Amino acid sequence: MIVTNNIKVKDFFKEEALMFVEGGIKDVFVAVRDCVHKGHTILTHPLSGSVKPTETPFKSILLTETTGSLNLESLNLIEQAILMLDHLENNSVTGIRYKKIWENIGKQQLTGPERKILEDFREIDFTLFSNAIAAD
Amino acid sequence: MKLELGYIYINDIQFGPESKIEKDTLYVNKDELISMLLADEHLKSVSLDIAKPGESVRITPVKDVIEPRVKVTGSGNVFPGTLAKVEVVGSGRTNVLKGAAVVTTGKIVGFQEGIIDMSGKGAEYTPFSKLNNLVVVCEPQDDIGPYAHEKAIRMVGLKTATYLGELARGITPEEIDVFETPNIKEGIEKYPDLPRVGYVLMLQSQGLLHDTYVYGVDMKQSLTTIINPTETMDGAIISGNCVSACDKNTTYHHLNNPVIYELFKKHGTELNFVCVIITNENVYLADKERSSDWSSKLAALLGLDGVIISQEGFGNPDTDLIMNCKKIEAKGIKTVIITDEYAGRDGASQSLADADASANAVVTGGNANQVIVLGPMDKIIGHVEVVNTVAGGFDGSLRPDGSIEVELQAITGATNEMGFNKLSAR
Amino acid sequence: MSKLRVVHYINQFFANVGGEEMADYKPELRDGMIGPGLAFNAAFKDDAEIVATVICGDSYFNENLASAKKEVLDMISSCKPDVVICGPAFNAGRYGVACGTVAAAVVEELGIPALTGMFIENPGADMFKTKVYIVGTKNSAAGMRDAVKTMAPLALKLARKEEIGSSKQEGYLPNGIRVNFFEEKRGAERAVDMLVAKLADKPFTTEFPMPDFDRVEPSPAIKDMKNARIALVTTGGIVPKGNPDHIESSSASKYGKYDITGISDLLGEEFETAHGGYDPVYSNEDPDRVVPVDMLREFEAEGKIGKLHDYFYSTVGNGTAVKSSKAFAAEIGKELIADGVQAVILTST
């Protein structure tokens, strides 16, 4: 099952079980955490790529479709990712700046170059994700 | 396997009517090189520039840095599997233009980072401020897409380095360094009492802008495997990775791997440097388990007593690093790991995304969240408009006087996790 | 440029007032330098001078924490120092706690820079290293010279409000704040040196200590359950109705010990929860849900366990400091062992 806020991923993986999250990376991480509590196991690392989670608005994560008993490793993984995101949003100068940017972009008044940049970020998340699950 | 590196010291670089090396100056025929590079139809335009140590010059956004080398004797050629044929390299003699480098710039995607300042505060944090750099600025054709764009710039860097390296083919080097690794049997016979040491070299391998190639093979697709240390000196490993400027390994880092160099220094006296184990950093968790199972399995099979593990990049590679460390220590093999930190601007936060008690010997490349102010530079090479967005978002980092407030994470090579630099933290 | 003003805090021993028998010495303010102060003063040369010394007995300080701290702070502030030096305390525990308390309070309450010095295993070190700079010293006064060599320059830097470097450069105990600096050797060389030392079983210092995992090895299983004395301990906050010991609903500073001799069932009329971190309705209805006295009495009757211990211990786990929890557990554990308890069922929420 794919949890994502990236429409590029949503459109490409049409046949797969997919949970689309409206919002930013924090919302995706929280949705993943909820899924872990419900018994799903995480299959791809939430902190994919070296682009910091504060510096890109899109994230896609693969979880098992079936559920089982709570997987503590998955829980630890997503909790650490949330901690890292919070840490960078509050303690990193770059993270703080980007947080403002994504809040503004959420209001969707984008000019040409900014729209292209969003497209680039969608592409990066898409390639990191599709390369990861190509291994599946 | 035995390799001689012949050093030709370069202390100046200039454009001239003929590409050549005269004494310690590298002359470059601009037009000749540009027309050679423009043979790639993906490129719309190419321009060259020069940046020397001490100049008031800023290069940004940096994609890769490559050292010019040429294979004089021995099988294969530099950058096998990518520019040259796939023949095995790492033996014979390779000449090196020491003190020179090729720097490629390219705004492949919107957030591109990577600054090299040739003077001022920023120069202290990147090793490339001390080199005579030939900077290649390319514009891709419109609409070629980021994959083709990244590949085009990658090739430009390698081709330029090869073109310059070729100029050193016939020159007698001022100094020669010899590196030799015996095979397993020879090593045991020759150094029966020395501890057997290996180097686990973790390579970034996650997708666009995050890839590393070994003999042309995408490391993402590879199982953990073994390589002779001298093969890296001939460009067996090249970088397609351009994200997280401070802790990504440029091709220059791969050619001049400091762990390999330092292990060779003590080889035969305090330790037996057996081999290099290369492994990847995939996003798929099962891949991480598989790769780390393999590095520990190979380390045990090789009968190693200790390993150095270096990583590349931010975030999920910390998981690979700790997995490799834990599993290798569990086999009774001692480890030292090299990493960097994201401890927040005040240095007070938990620095690593993963941790384990068995990682009791750690070398750090420093806190990448440290904020510094880079003074204004007279000249900016690359994409000027990126300076507004570099590592700080679309507002705020660029000040009216041209200085920029950035984190170390934006400076190319600043917190390198091979231990290339002297920067550390306590 | 006038000399920087330094006030020095020392105990009765270093002030030459007396040994252990004078540990109840009340705080005293004297002009100029005493004892180790002379070494500091010499190290300062023309840049600074010790204008006054505050002396206090270690027992007096530790037994009258609030009032002694105030007295000492008042004495210090009356001298208007640019920096305050406490100790060094080496491995003397009460002295180390006193030095750490005074130095941290000077920084926090007087806003004046301060530092102290002690051996890394001195209890004062762990307690205060994140609150004030503590220079690492040897474990006895034989290390005085080295201590002064490191403490004096750091004191001057603090007095001048200069930037303080990393723990390695300045000599203070790592305090959890990572500071970048340039080493002599590059990272790869440091890594190889570290591996060579590790392989030879020689000492080495990691550049990044992993976080303290504090794993506890489980004790061996009870073989003879039929004859075992089992106690109940809880962080769920179950207390007699009215909370007679006033255990706080969060950040508890105490625990309670409650007699259940003859009680086979905790009733909602007699017990309640003091815990402020969960919905109390069900535990107030039936406190056995948190402290299962009823079930253990059944087991007793059926012969499954030997005996339910006559007391249960209770505190509130909501936001309670790890240090407090450790301290409670140590005390409770001691009593349980003395009372012949073999195993504990610890309930939380």
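Being a predicted model, the structure only gives us computed values, none of them experimental. Protein chains get the first letters and strands the later ones, always in sequence-line order, with residue 1 at the start of each.
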**Prompt:** Taking the side chain as C-beta and beyond, is there a heavy-atom pair between B:Glu262 and C:Asp193 under 4.5 Å?
**Reply:** no
**Asked** Hey, does B:Lys334 have a side-chain heavy atom less than 4.5 Å from the side chain of C:Asp201?
**Response** yes
**Request:** Please determine which of B:Val197, B:Leu194, B:Ile333 meets the side chain to side chain contact (heavy atoms under 4.5 Å, CB included) test together with C:Leu199.
**Result:** B:Val197
**Message:** Please classify the contact of C:Gln169 with chain B as side chain, backbone, both or neither, using a heavy-atom distance under 4.5 Å.
**Reply:** neither
**Message:** Under a 3.5 Å distance rule, please check whether C:Arg178 uses its side chain to pair with a backbone N or O of B:Gly344 as donor and acceptor.
**Reply:** no
**Item:** Top of B:Val336, B:Ile260, B:Asn369, B:Val363 for chain C proximity - count of heavy-atom pairs under 4.5 angstrom
**Value:** B:Val363
**Item:** Donor-acceptor contact present, side-chain B:Asn367 to main-chain C:Asn180, <3.5 Å
**Value:** no
**Region of C:Phe181 in contact with chain B, defined by heavy-atom distances below 4.5 Å** = both
**Heavy-atom contacts under 4.5 Å, residues 413-426 of chain B to chain C** = B:Met418, B:Gly419, B:Phe420, B:Asn421, B:Lys422, B:Leu423, B:Ser424, B:Ala425, B:Arg426
**Request:** Please state whether the side chain, the backbone, both or neither of C:Val179 comes within less than 4.5 Å of a heavy atom of chain B.
**Result:** both
**Prompt:** What residue, out of B:Ala361, B:Gly306, B:Gly366, B:Gly365, has the most heavy-atom pairs lying under 4.5 Å from chain C?
**Reply:** B:Ala361
**Donor-acceptor under 3.5 Å (C:Lys198 side chain, B:Thr335 main chain)** = yes
**Asked** If you count heavy-atom pairs under 4.5 Å between each of B:Val259, B:Thr364, B:Asp346 and chain C, which one has the most?
**Response** B:Thr364
